[in-house]
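Written out below as structure tokens is the structure these notes cover.
So you know, we letter chains A, B, ... as the sequences are listed, proteins then strands, and number each from 1.
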Amino acid sequence: MAVCPVCNAKFDSGDYYTMATHFINLAEDSDAYHVQWINRNISRKKMDITQFTSAIENFYNIAHGGIKEWIINKFVEQFRGENPHPFILKMQSYSKPVMMGYAIEHYFFLKQWVKSCSIIISKTDLDDVQRYEIENILSEYYGRGRKKPHIELLLEMGEELGMDRVQIFATEPLDSTKFAISRWKEITNSCNWICIMAAMHSLELVANSKLNNYGAKYDYFNPGMLDSPLVPDSVKKFLGEGYKSDYSHSFRALDIIAKYCHDYNMEGIQDAYLMSAYAFDRYLEARMERGEMFENQ
Amino acid sequence: MKCLKTNNENGCALCDATWGEYYREIENEKMFFCCNICADIFENMVNAVKKETGWDHIDSVELHGNYSKGRNCTATSGNNTFRYYFRTYSDGRMMEFKKL
């Protein structure tokens, strides 16, 4: 089954003609979110149905490099390429309000994250998958030995920036975060383990420091921040930890997906990724929006 | 009647995309946009320029950039010129607007 990453409309597997028709019809109606997706992922230049069907086929083509490279290439292009996500640009210099926004919205992201990881465990008997997810949950949510979990580093960052953690827990996430979480819930409830894995762990590519060979033009954040006396220690600890761990987290997950993908519907895995990346795009905007709210206070 | 012109002559007045079929009258000009969000962004931008400059009308806007990095623009009104940068959220709300 193929799925429209914008509105979740479903099409028969490989039926790119019907999917193309769906996009063209909605573009003719000037549906903003479909037009935006086409402009950013296919072309800003109008095409006829034959050209568009061919473009969609190319978009899904994994002949070069398989599913791992396809996901990395798509992610890099959308978030860290020539025209990166605006949040990545914001992270090229230290901004206290942006990091405060990050602390609040990301708390809710991590609450959903751990649910998604645990549901992956519940949906498979494969040892390497379960082990990977348990390790991920430990590092993100529980901690390992003396190492604090990512969520604790996030909350400590929020506290050093002047927020109480109780205030963070009690804050209502912004609409874009709510939208993203509801989509991740939907993916987690309705998809098999490998699709959930593609949807969630591909997002860790955002902080992967080894993406230059895939065309990344920007680091997740300016690495100079880790040495800057102007940046609080808790921010350095939080960003530094993700910078170190998300490299192995994201590549290991994609290796697992590549190992088992041939037993599953490839298009389903691609669609789960696209649905999640679309939500992630909106969620990153929420971090900026929350930051702007602090800036205007 | 004075009308507003942009350098995006082939498609959407904001992003130059040729998809869509959305029109809105802004500054006495029936302008083509690929979607209502681009129209909202353009209209908000025009209002921000008029507020910043005190102009009662804009003759032209030249836009360079995109949704990711924002847009560097030059607006004219008669003999006056105003250069600025702006960026929006994907739903069209203004994120940043500054005079250059």
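Nearest approach of A:Leu89 to B:Ser68, heavy atoms of both residues: CD1-O, 3.4 Å. Contact record, B:Thr18 with A:Lys46: OG1-N, 2.6 Å, taken as the closest heavy-atom pair. The two residues A:Ser30 and B:Cys35 make their nearest non-hydrogen contact at O-CB, 3.7 Å.
Contact residues of residues 78-86 of chain B toward chain A are absent (heavy-atom distance under 4.5 Å).
With a 4.5 angstrom heavy-atom cutoff, B:Cys15 touches chain A via backbone and side-chain atoms both. Within the 4.5 angstrom heavy-atom criterion, no atom of B:Asn10 approaches chain A.
Counting heavy-atom pairs closer than 4.5 Å to chain B, the top-ranked of the candidates A:His34, A:Arg282, A:Met288 is A:Met288. Among A:Arg40, A:His85, A:Lys45, the residue making the largest number of heavy-atom pairs under 4.5 Å with chain B is A:Arg40.
Among residues two or more places apart in sequence or in another chain, the salt bridge (Lys or Arg N to Asp or Glu O under 4.0 Å) test is passed with B:Lys69 by A:Glu82.
Side-chain contact check for B:Ser90 and A:Gln36: no donor-acceptor pair (N or O, by modelled atom type) lies under 3.5 Å.
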Given the rule in the side-chain contact (heavy atoms from CB on, under 4.5 Å) test, do B:Arg93 and A:Glu292 qualify, once you have shown the distances and angles that lead to the verdict?
-> CA-CA 12 Å; B:Arg93 285 171 301 139; A:Glu292 192 186 340; over 6 Å; no
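With B:Trp19 as the fixed residue, the ring-ring contact (aromatic ring centres under 6.0 Å, His included) test singles out one of A:Phe52, A:Phe23, A:Trp37: A:Phe52.
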